[in-house]
Every structure is written in structure tokens, then in C-alpha cells.
Amino acid sequence: MSPIAVDGAQSGTVKGFETVGSIFEIEDSDIFKLLDRPRPRPINVEKNRSFDERSFSEMSITLTSRILDNLDNVSSPSRRSGFNTPRSSSYFESNPIVADAWDALRRSLVYFREQPVGTIAALDHSTDEELNYDQVFVRDFFPSALAFLMNGEDTIVKNFLLKTLRLQSWEKKVDLFQLGEGVMPASFKVLHDPVRNSEKLIADFGESAIGRVAPVDSGFWWIILLRAYTKSTGDSSLAEMPECQRGMRLILSLCLSEGFDTFPTLLCADGCCMIDRRMGVYGYPIEIQALFFMALRCALVLLKQDVEGKEFIDRIVKRLHALSYHMRSYFWLDLKQLNDIYRYKTEEYSHTAVNKFNVMPDSLPDWVFDFMPSRGGYFIGNVSPARMDFRWFCLGNCVAILSSLATPEQASAIMDLIESRWEELVGKMPLKICYPAIEGHEWRIVTGCDPKNTRWSYHNGGSWPVLLWLLTAACIKTGRPQIARRAIELAESRLSKDHWPEYYDGKDGRYIGKQARKFQTWSISGYLVAKMMLEDPSHLGMISLEEDKQLMPLVKRSTSWTC
């Protein structure tokens, strides 16, 4: 099946034209007419408790039209600059690294019909093999979108949200199998036909990806970005559009559908998220569960209180209760929980079983006993029948903090772990995507002898600068900005000099990745977002959700597993 294409009638600046098989040409003027709609003036209100700070319990009882009213109750930052103008000359003069980052970020812009619609994954002229690094990825664009929003440049974010929404609506097939209607693309690219003087968008829903895996996380990032846009601009009209409401419902329909699952978590294939190659994250990976939780909470803010919206809100509230309980009870690991698992009995039967998943204590890896500090804890990588993946995954744990999937006590424990294991998780370059690396026979079995995911490289224990923005946001939320400042200073010592690599290799992240692209856009934007958040912590409101105090309190594993 050929990639899906969207046709535009005007020429513009794009990378080039590729010959593709069957291309569906559509008129896209209806979407871009929406871009000309005047944006409502941002509303400044008294700082009463916002909608997304309310409890799920309250919402399940009092789901009224106040949902839409509270959506407007967001403080809009003052508009700083035009689209092509840096924030301020004095700010750039005092920080050449920031200036270099903004310059590199703007060079990565992608235009469709003379409108900015995203940023390409990497702009590395040192290699002739572009692969798919010349495309706009949904997950990769997220930190770029935050950087533009924080800089008062929301047009590109609005364009991106509308364009990917348009792509969602088209038929998606891998061979003869049709994907769910709500699947968002992993990426898209702009193709220019000089003969016809037209442009086309080619979308990839997984049919061209390595392993042919659909991106489970794309829809979640889209919903979270829509909420960030609304929060930043004070403009609720975009989220209220029938097209956006329908797009959210389609995504939620995929995630909330009933099946054979006995858990509220989402069952996923390997390679369905940021770790998009075979790395043993199949099952119920923490990254997907944390993003799922956050997207559900954002959807509660954005969905209209109409007949269709109310049905989904009711389902979301129920799922959030079950999901938060499951994750906090079974995915959480600290010293006490580790000791409990170490002493588990096996082959238990009946509802009184303590070892519900029949995890074998002998399967505990040796490294986890040394890695676990006296104070600290984290959400482990995966929990499924007879299997626990005890690896640390940065993205999932940081999103758990930002979404308040982690309780305040758990969020504090995660930060304690990062401080206690700084050399292992940060080292010479923030931040390890996972820890530890797998090697030897385990590497051969888990990765299929993947030459790109060798030990301490790429997804297998590599250090990814893009994760700096997530760490910074988590640090600010937990009241530990000094950790973020230390990590940013570490990154500043090398990132710009090394030309913004995609990732670093080595146990301590000392070496530029063996296959890392230079001028990787999300390495650039991740640094900028971290820097701007530390400068102005109020930006955290775009991507942080407050704790729901009415959620079922954390129950100790030893108690909850005998209910």
C-alpha cells in the first residue's frame, strides 16, 4: 500500500519530489480556510481552581456545561514576537547557545502551501541517506511545538494540529489489513511536483516504518498538544471545532474499546512509541500507559458536554480510576516492594493470591538490588503475566509525574532516585532513555541482534538530549529546579559544539552516537524548552496536570494484592 497523499494547489519550499505509487489527491482548502478564522482575544481571569485540577469523582457527578466555561479559564502569556523574530535580542546576545538553537530550529521548518506545518526530524547534511529523517514526526514535533508556544508563535502549532487531523481521516492499510479509523500518522512529508506546480503530503501510519508497527503514541501526543495549545493561547475555538472533537473521539474509541483485557492498561506491540525498534517493550510499556493516562485527562478538559462527549467523559472517568489504581499498585517499585517480590510464593490460585501475576522471584535481575536506593523508587517498564521488566524508562516516569499518575510521594521518590543514581541515569550527557543496557545472549534474544541497539547505544541505554525538557518539567513540578539546572549546564557544555546529535553512546554518555544524526530537531527544541521553562516556570502549566485528590489513595502492594 502506498503512502497516503494530500494535494495542494500552490508551490512552496520543500525538499524534493519522490515517485510514489498510488497517490490520493484531495483539496485541502477547507482546512486552511480555518486558519484564517480570527482567534478570540485571550481571556485573563482570576486564578480560581481550573477544570483540569478538579477530581474525577466530582466530574462523574457534576458533568455540566461548566466544562466549556472552565476551558476558557486559562491565563494567556503576553505575546512576545512575530513568527520570524527571536524572543529578544538581549536574551540571545547573552546566550549564544540559545541563539544557535533557535537558528537551527527555524532551519528545520517545513512549509505546505506557504504555511509552516512542522519541523523535520533532522537537518544533517553530512549524510546522503535521509531515510525518514526528512519527515515531520508527531512525537518529534511535540517539543518544537512547545518551544514555539512558549515563544508566542502559535500559528505553526495550529497548522500542525489541523494538518495531522486531516490526515487521520483517510484510509490506512498495511497490505490487505485496514487500520483503525482513529490512528494518527507517525509522520508526514511534503513533496513538490515542479511539473504540476503542486505540493502533496505523504503520511506514514506504520506501513513504511521499520517493523510495520502503527504509532500508538501519536494520538496521545496530539491530544496533549491540543490541550497545551489551548492552555497557552487561551483559544478554545480550535478544540471546540467539530473536526477536533471527532478526532479526539476516534482516538479514544481505539483506546477505550472493550475486549479480552483483564487490565485497564493498553496492550501494545514492540516498537510502537519512542523506542520504535525491537527492545522487549511489548505488552504494557510504561511509556504508553503514562501517555494514555495523560491523554485521557487532557481529553476531559477538551471534550464538549454534548451527547457524544458525555458518553466518552463517563468512560474516561471510569478508566482513569482503574488505570491509576493499577499503575500505582502494580508498576511501582521501591525498596519495600522489591523485598516483597523477592519473598513471593508462586503458583498461587484464588482471589486471595498475593503474587497475582505469578512472577518468579528468581527472575529478579541482579542489577536491580544494587540500583535501588534506600530512598527512592520508580515505575518499572512493564508488568504482565509472569513477567516484570524492571528497567528504568525515563519518558514514562517523567510523564507520570507531569500527568499526576504518580502521587506526590511517588514523584518525590522518582526524583530521589535520579539524584541518587545520577552517574547511571545522567552521566556526562542527559539523559538515559532506559537503564540498564541489555547485552550478550539477552541482547541477541530481545533485539534480534539489532546492530543499532548494541549495549549503551541508541534505545539500548543511549543518552538522549531531547529528554532534557521532560526532566526539567518534572523537576520544576516537584520543586527541585536545581536538578534541572545541573542537567542543563551539563548539556550546554557539549550539545552546540557537537552540532546537536540525536543521541550519545557509552555507559556514561560520553560519545556521540555511532549512527546519530546531527542537528536533530528534537535535541534542539528539547534544550530550548528546558531553558525557557527554567527561566519562566509558569510555562509548566501547558504540560502539567495537578493531582486529583479524590482518586483512590495508593494502597500498599501487600494489602492490595490480598483484596
Side-chain angles (χ1 to χ4, degrees), residues 1-6 13-23 104-105 107-112 116-145 160 163-164 167-168 170 172-175 179 183-192 199-219 221-222 269-279 433 450-453 457-459 462 464-466 500-503 513-526:
M1 179 66 186
S2 299
I4 294 168
V6 181
T13 304
V14 290
K15 281 294 174 187
F17 179 76
E18 294 180 0
T19 302
V20 295
S22 173
I23 296 180
L105 181 60
R107 288 200 305 270
S108 73
L109 287 169
V110 173
Y111 290 83
F112 180 69
V117 293
T119 51
I120 61 173
L123 192 62
D124 188 352
H125 297 300
S126 65
T127 177
D128 295 328
E129 190 178 22
E130 287 187 334
L131 296 177
N132 56 359
Y133 284 86
D134 61 342
Q135 299 186 23
V136 180
F137 281 82
V138 173
R139 75 174 68 95
D140 291 41
F141 179 68
F142 190 89
S144 295
F160 171 84
K163 185 51 57 187
T164 47
L167 293 171
Q168 180 201 38
W170 292 94
K172 303 170 274 284
K173 279 188 176 181
V174 177
D175 295 330
L179 278 67
V183 174
M184 279 287 186
S187 63
F188 65 86
K189 68 182 298 183
V190 178
L191 299 181
H192 176 57
E199 292 176 344
K200 298 175 177 64
L201 286 184
I202 303 297
D204 177 18
F205 293 91
E207 70 272 27
S208 300
I210 296 174
R212 302 300 186 264
V213 179
V216 176
D217 62 339
S218 286
W221 284 121
W222 188 88
D270 228 339
C272 66
C273 51
M274 179 180 176
I275 298 179
D276 58 1
R277 300 169 75 93
R278 183 174 163 188
M279 267 292 292
I433 187 173
D450 187 351
K452 195 168 185 178
N453 272 330
S457 180
Y458 202 50
H459 298 140
W464 291 67
V466 63
W500 309 99
E502 179 183 11
Y503 62 95
K514 60 184 176 182
Q515 295 187 43
R517 297 301 172 109
K518 300 291 185 70
F519 296 100
Q520 185 79 15
T521 303
W522 67 357
S523 295
I524 298 164
S525 57

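Position 1 is the first residue of the sequence; numbering continues from there.
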**OP:** Might you point out which heavy atoms bring Thr119 and Val110 nearest each other, and give the distance in Å?
**Re:** C-CG2, 4.2 Å
Original post:
Looking only at heavy atoms, which two atoms of Pro185 and Ser218 are closest? And how far apart?
Top reply: O-OG, 3.1 Å
**OP:** Take Val466 and Met274 through the side-chain contact (heavy atoms from CB on, under 4.5 Å) test and state the conclusion after the steps.
**Re:** CA-CA 11 Å; Val466 63; Met274 179 180 176; 4.0 Å; yes
**OP:** Specify the closest pair of heavy atoms between Thr521 and Ala122, including all atoms of both residues, with the distance to one decimal.
**Re:** OG1-N, 4.0 Å
Subject >> Inter-residue atom distance Lys173.NZ - Glu207.CD, 0.5 Å rounding >> reply: 12.0 Å
Original post:
In Å and rounded to the nearest 0.5 Å, what is the CD to NZ distance from Glu502 to Lys518?
Top reply: 12.0 Å
Subject >> Contacts of type salt bridge (Lys or Arg N to Asp or Glu O under 4.0 Å), residue Arg107, not counting sequence neighbours >> reply: Asp103
Subject >> Distance in Å, Arg277 CZ paired with Asn453 CG, rounded so as to fall on 0.5 Å steps >> reply: 6.0 Å
Original post:
Can you list the residues that meet the ring pair (Phe, Tyr, Trp, His ring centres under 6.0 Å) rule with Trp464, with sequence neighbours excluded?
Top reply: Tyr458, His459, Tyr503
**OP:** Return the set of residues passing side chain to side chain donor-acceptor pair (under 3.5 Å) with Gln520 (not counting sequence neighbours), or none when no residue passes.
**Re:** none
**OP:** Apply ring pair (Phe, Tyr, Trp, His ring centres under 6.0 Å) to Phe142 and list each qualifying residue two or more places apart in sequence or on a separate chain.
**Re:** Trp221, Trp469
**OP:** List for me each residue that meets side chain to side chain donor-acceptor pair (under 3.5 Å) alongside Arg278, sequence neighbours excluded, and say none if there are none.
**Re:** none
Original post:
How close do Lys514 and Ser457 get, heavy atom to heavy atom, and via which atoms?
Top reply: CE-OG, 3.7 Å
Original post:
Which pair of heavy atoms, one from Leu109 and one from Tyr111, lies closest together, and at what distance?
Top reply: CD1-OH, 3.7 Å
Original post:
What residues form a side-chain contact (heavy atoms from CB on, under 4.5 Å) with Cys272, not counting sequence neighbours?
Top reply: Val213, Val216, Cys268, Ile288
Original post:
Roughly how far, to the nearest 0.5 Å, is the CH2 atom of Trp222 from the CZ atom of Phe141?
Top reply: 13.5 Å
**OP:** Using salt bridge (Lys or Arg N to Asp or Glu O under 4.0 Å) as the criterion, list what pairs up with Asp270, not counting sequence neighbours.
**Re:** none
**OP:** Just jot down the side chain to side chain donor-acceptor pair (under 3.5 Å) partners of Arg517, sequence neighbours excluded, or say none.
**Re:** none
Subject >> Contacts of Ser525 that satisfy side-chain contact (heavy atoms from CB on, under 4.5 Å) - sequence neighbours left out >> reply: Leu105, Pro143, Ser144, Trp522
Subject >> pair Leu201-Val190: side-chain heavy atoms closer than 4.5 Å >> reply: yes
Subject >> Ser187 side chain vs Asp204 backbone, donor-acceptor pair below 3.5 Å >> reply: no
Original post:
Heavy-atom distance under 4.5 Å between the side chains of Tyr133 and Asp124, does that happen here?
Top reply: no
Original post:
Measuring from Gln168:CD to Phe205:CZ, what's the distance to the nearest 0.5 Å?
Top reply: 8.0 Å
**OP:** Mind checking side-chain contact (heavy atoms from CB on, under 4.5 Å) for Ala214 and listing every partner two or more places apart, or none if nothing turns up?
**Re:** Leu179
**OP:** Name all residues meeting the side chain to side chain donor-acceptor pair (under 3.5 Å) criterion together with Asp140; count only those two or more places apart in sequence or in a different chain, and write none if there are none.
**Re:** none
Original post:
Do you know the tightest heavy-atom contact between Leu191 and Lys189?
Top reply: CD2-CE, 3.7 Å
